[in-house]
Amino acid sequence: MNQWPVIQILLPLIAAPLCALVTREKFAWALAAIITWGALVVAIVLNSQVLEQSPISYQLGGWAPPWGIELRIDSLNAMLLLLITGIAAVVITAARESIRKEIDEEKIPLYYTAYLLLLASMIGICITGDAFNVFVFLEISSLSTYALIAMGRDRRALIATFRYLIMGTIGATFILISIGLLYQLTGTLNMADLAERLPALHGNRVMQAAFGFFILGVSIKVALYPLHYWLPNGYTYAPSVVSAFLAGTATKVSLYVMLRFIFGIFGVDFSFEVIQVQHVLMPMAVAGILVGSMAAIYQDDIKRVLAYSSVAQLSYIVLGISIASETSLTASVVHIFNHGLVKSALFLCVAAMVYSVGSSKLEDLSGAAKRMPWTVAAFAVAGISLVGVPLTAGFITKWYLILAVIEYGWWPLAMVLVISSLMAVAYVWRVLDYLWFKPMSEKVAAHGARPPRTILIPAALLSFTCIYFGIDTGVTLGAADRVVQALLGATP
Amino acid sequence: MSAYFNYWAVFALMLLGLYATIASDNLVKKVVGLNIFQTSVFFLFITMGKVGGGTAPIADSQYTLYSNPLPHVLILTAIVVSVATTALALALVIRIRESYSSIEESDIQAEDEAQP
């Protein structure tokens, strides 16, 4: 049997406790970096295999599904594996210098342990074909995320983590209730098996309750407005590289769970015709787009600007899901990928600035471009991609989303998208104005220096990919096309 | 009504736990509320696995009616997860108390607002 799927999970999972045993910061980092890059290689191998034969099914322990746990890789989760491991690998390369400055030295090996556990659990969520496994990995990823955010220097990181823990646990428990009800109905936990048995039960009240609990739970995890409360503080007070990793991956994995359950388990007919979930998701997404973009304009901390912008950008993806047409789903799937790259690039640039200036307040960073032009340039490139200027990655998704909306003749929604893009111009420009044109702050004058190349090069690399995937759209759109065909075709 | 006694109990505990989590100001009480909420879900899983008059699933010619052990096994995992979450939450409360010298959320909020 093809062993790559299980290696993909086991590699970081086994290395995590080893990392905790290492006492020297240098070795812990080296181990974590080798493992993370190894995971990226495995993801690339799996992606090339999925192109030939999809889906790849792996039976854990040789027990055939639906009795045993199945790992199942198709074009959707193969793409997510590539995104998660790719961002993890780039971020960990940049992490060492930044972490040494932001975390006490004796805790650093534990930081890498939590990092690897988070990586392993996100891979696990994506790769598994078992509904209960999703819950277990979701909780592992939440627990390691809490630990990572709580490592922030500011004491407000603690209370932000606590609030995230309360909301995250409630969300995960709702998902658990949903999985329990589904098991009660069908007697199976295997996703493919569930998808086969559920269509017979469309009128069933228990199935409807399961769907309701699931949507509520996953909306908390996705940080969909008005359940986004945990996200801005979490991203703001976490160590900078942690924000870079989380912003690119964690919410994207939750969106994957949303896609997988709505399309792969409950089915299009049930979700959009029996329950009509679009009437819930669409208003929440539109509100999230407007409120998130608006809030981003008025923040005085650069990380907080990016965090609120994430709330808006995630809502774009949910909007695409709620429309559920071929074009809109293409937009969502591509945006999961592109926004992951863009946000990680932006947060890595911020990590570089925080490294030399020691603050992420906009006032403290003003005039930073004079001391670190390359960092700010990389930030600007990723920033215009966030806005969605043509020839950047962000443009593709907005274009497809607007096309999808116009297909239905929903002009007010198209207006919302245009207005929110203008708001994105406003908040990105405001940050660039501080960095580029305002007089140099005392902190920049005192400490501002070029950040180490190990942070700058990964950040610039990610910014470059934002442009690359804006010009060479064949790769992402081709992958998204396969994904959407599978999503919509999975149900009869 | 009595046939569904367990489900009513689950429902009551679930709401009680959620209310305690949301409404208390004290962080430890929030954690306790969260625990009650999670326990109610464990109760739900255990109830659905139990078959009236069924025994543990051990192959023996004497017994023909078995309870479903799978939900119970799932809940063992979920209990472990919940214990880990509680431990982490309490550890956070300790560190919050060290740096804010209070575990009342309103006090913490006031302190944060006083000191930007």
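In what follows, chains are A, B, ... by sequence order, proteins preceding strands, each numbered from 1.
In terms of heavy-atom pairs under 4.5 Å with chain B, the best-connected choice from A/L189, A/L181, A/L176, A/I179 is A/L176. With chain B as the partner, the residue from A/F135, A/Y183, A/Y146 showing the most heavy-atom pairs under 4.5 Å is A/Y183. Your options are B/M14, B/Q38, B/M48, and the one with the most heavy-atom pairs under 4.5 Å with chain A is B/M48.
Remark: B/E98 does not engage A/R155 in a salt bridge, criterion side-chain N to carboxylate O under 4.0 Å.
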Might you work through the side chain to side chain contact (heavy atoms under 4.5 Å, CB included) test for B/K30 and A/F162, ending with a clear yes or no?
CA-CA 10 Å; B/K30 273 182 189 292; A/F162 188 83; 3.9 Å; yes
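Only the side chain of A/F132 comes within contact range of chain B, with at least one heavy atom under 4.5 Å from a heavy atom of that chain. For a residue to count as touching a neighbouring chain, one of its non-hydrogen atoms must lie under 4.5 Å from one of that chain's; by this rule A/I140 does not touch chain B. Proximity to chain A is limited to the side chain of B/I108, based on heavy atoms less than 4.5 angstrom apart. With a threshold of 4.5 angstrom between heavy atoms, B/I96 approaches chain A through its backbone and through its side chain. Contact of B/T21 with chain A is made through the side chain alone, with heavy-atom distances under 4.5 Å. For B/I22, no part sits under 4.5 Å from any heavy atom of chain A, backbone or side chain.
From B/F37, atom CZ reaches atom CD1 of A/I170 across 6.0 Å, with rounding to the nearest 0.5 Å. Summarising the geometry, atom CG belonging to B/L34 is positioned 12.0 Å from atom CE belonging to A/M167; distances are rounded to the nearest 0.5 Å. For the atom pair A/I159 CD1 and B/E111 CD, the distance stands at 10.5 Å (nearest 0.5 Å). In this structure, B/T77 OG1 and A/E139 CD are separated by 12.0 Å, a value rounded to the nearest 0.5 Å. Atoms CD1 and CD, from A/I166 and B/E105 in turn, are 8.5 Å apart once rounded to the nearest 0.5 Å.
Using a 4.5 Å heavy-atom cut-off against chain A, the contacting residues of residues 81-94 of chain B are B/V81, B/A84, B/T85, B/L88, B/A89, B/L92, B/V93.
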